[in-house]
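A quick note: this is a predicted structure, and the numbers were derived from the prediction, not measured. Counting starts at 1 for both ligands and their atoms, in listed order. Excluded from the calculations below are hydrogen atoms, water molecules and symmetry mates; all remaining heavy atoms, backbone and side chain alike, are included.
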Amino acid sequence: MKIDILTLFPEICRAPLSESMMKRAQENGIVDLRIHNLRDWTKDKHHVVDDAPFGGGPGMVMKPEPIFAAVESLRNEKSTVVLMTPQGKRFTQSMAWEFAKTEHLIIICGHYEGIDHRVIEHLVDAEISIGDYVLTNGAIAAVVLVDATVRLLPGALGDDQSAVEDSFSAGSLEAPQYTRPAEFRGWKVPEILLSGNHAEIAAWRKKEAIKRTGENRPDLLDK
Ligand code: ADE
């Protein structure tokens, strides 16, 4: 899979996508990730990327020209163009699975008060928000989308099964996990997990997963 991120802040994306599993996925050729500075597609001396909104109002709006130039230089017939914006559809695990099936993602990171709407009307395939809050810009949101998507690519996780068993992929949150020591400060690991009885452990996990989902995310059980 190939991913191009277009941002005014490449460094915000660089560090989190250069560590651990994302680093390995790139080294192993599972993803070809490129982080670009949108200003590289400006044509004026001062590399201007924003301007005042028509009709007035606070803040600045991202200009269309550098964004169109960047996407048109990077895209091919197989590209999906995504805009990170708090105005977008809320990102979910099932969207991550859909993005993981695409061959080429171009991710535009919004900034300032907004983006010229012609970008959305004529260039973008999907507007995506990572949640109901406003970040200073879309670069952090793009990192979230890339991380959640790339870890689903075949070979990215050491054990492919673990992506399928994730919270949300399974329709509920995950059951509690424990590791050694079996007793810590007098708190014991549930006996069943030490029993070696795989059927009973699976049943316990299922029950605990539903209990935890009811406590933390009852909306998931309603579905
Ligand atoms: N840019 C600012 N806030 C955002 C959000 N919640 N999701 C995606 N992009 C954003």
Check your understanding: Can you tell me how far OG1 of T213 sits from CG of L221, rounded to the nearest 0.5 angstrom?
Key -> 5.5 Å
Check your understanding: Of all residues at least two apart in sequence or in a different chain, which pass the ring-ring contact (aromatic ring centres under 6.0 Å, His included) check with H36?
Key ->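 If we apply the ring-ring contact (aromatic ring centres under 6.0 Å, His included) test to H36, skipping adjacent residues, the hits are W41.
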Check your understanding: Salt bridge between E215 and R212, side-chain N to carboxylate O under 4.0 Å?
Key ->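 Looking at E215 and R212, the cut-off is not met.
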**Study point:** Electrostatic pair E11-R14, nearest N-O below 4.0 angstrom
**Key:** yes
In ligand 1, which numbered atoms sit nearer than 4.0 Å to a non-hydrogen atom of [X]?
| X | result |
| --- | --- |
| V134 | 3 (N) |
| S129 | 5 (C), 6 (N), 7 (N), 8 (C) |
| I128 | 8 (C) |

Practice item. Under the salt bridge (charged side-chain N to carboxylate O under 4.0 Å, His left out) rule, what do D116 and K63 come out as? Steps first, then yes or no, please. Key: CA-CA 6 Å; D116 188 287; K63 290 165 67 61; over 6 Å; no
Please state which protein non-hydrogen atom is closest to [atom] and give its distance, to 0.1 Å?
| atom | answer |
| --- | --- |
| atom 7 (N) of ligand 1 | I130 N, 2.9 Å |
| atom 3 (N) of ligand 1 | L135 N, 2.9 Å |
| atom 6 (N) of ligand 1 | Y133 O, 2.8 Å |

Check your understanding: Considering all heavy atoms of both residues, which atom of V150 and which atom of A25 are nearest to each other, and what is their separation?
Key -> CG1-CB, 3.8 Å
Study note, to complete from the structure: Within the 4.0 Å heavy-atom cut-off, what T85 brings close to ligand 1 is backbone
Check your understanding: Any N or O on T136 sitting closer than 3.5 Å to an N or O of ligand 1?
Key -> no
Check your understanding: Between F68 and H122, does the ring centroid distance fall short of 6.0 Å?
Key ->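 Between F68 and H122, the centre distance exceeds or equals 6.0 Å.
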Point to revise | Proximity winner for atom 1 (N) of ligand 1, if only heavy atoms of P86, A141, G131 are counted | key: P86
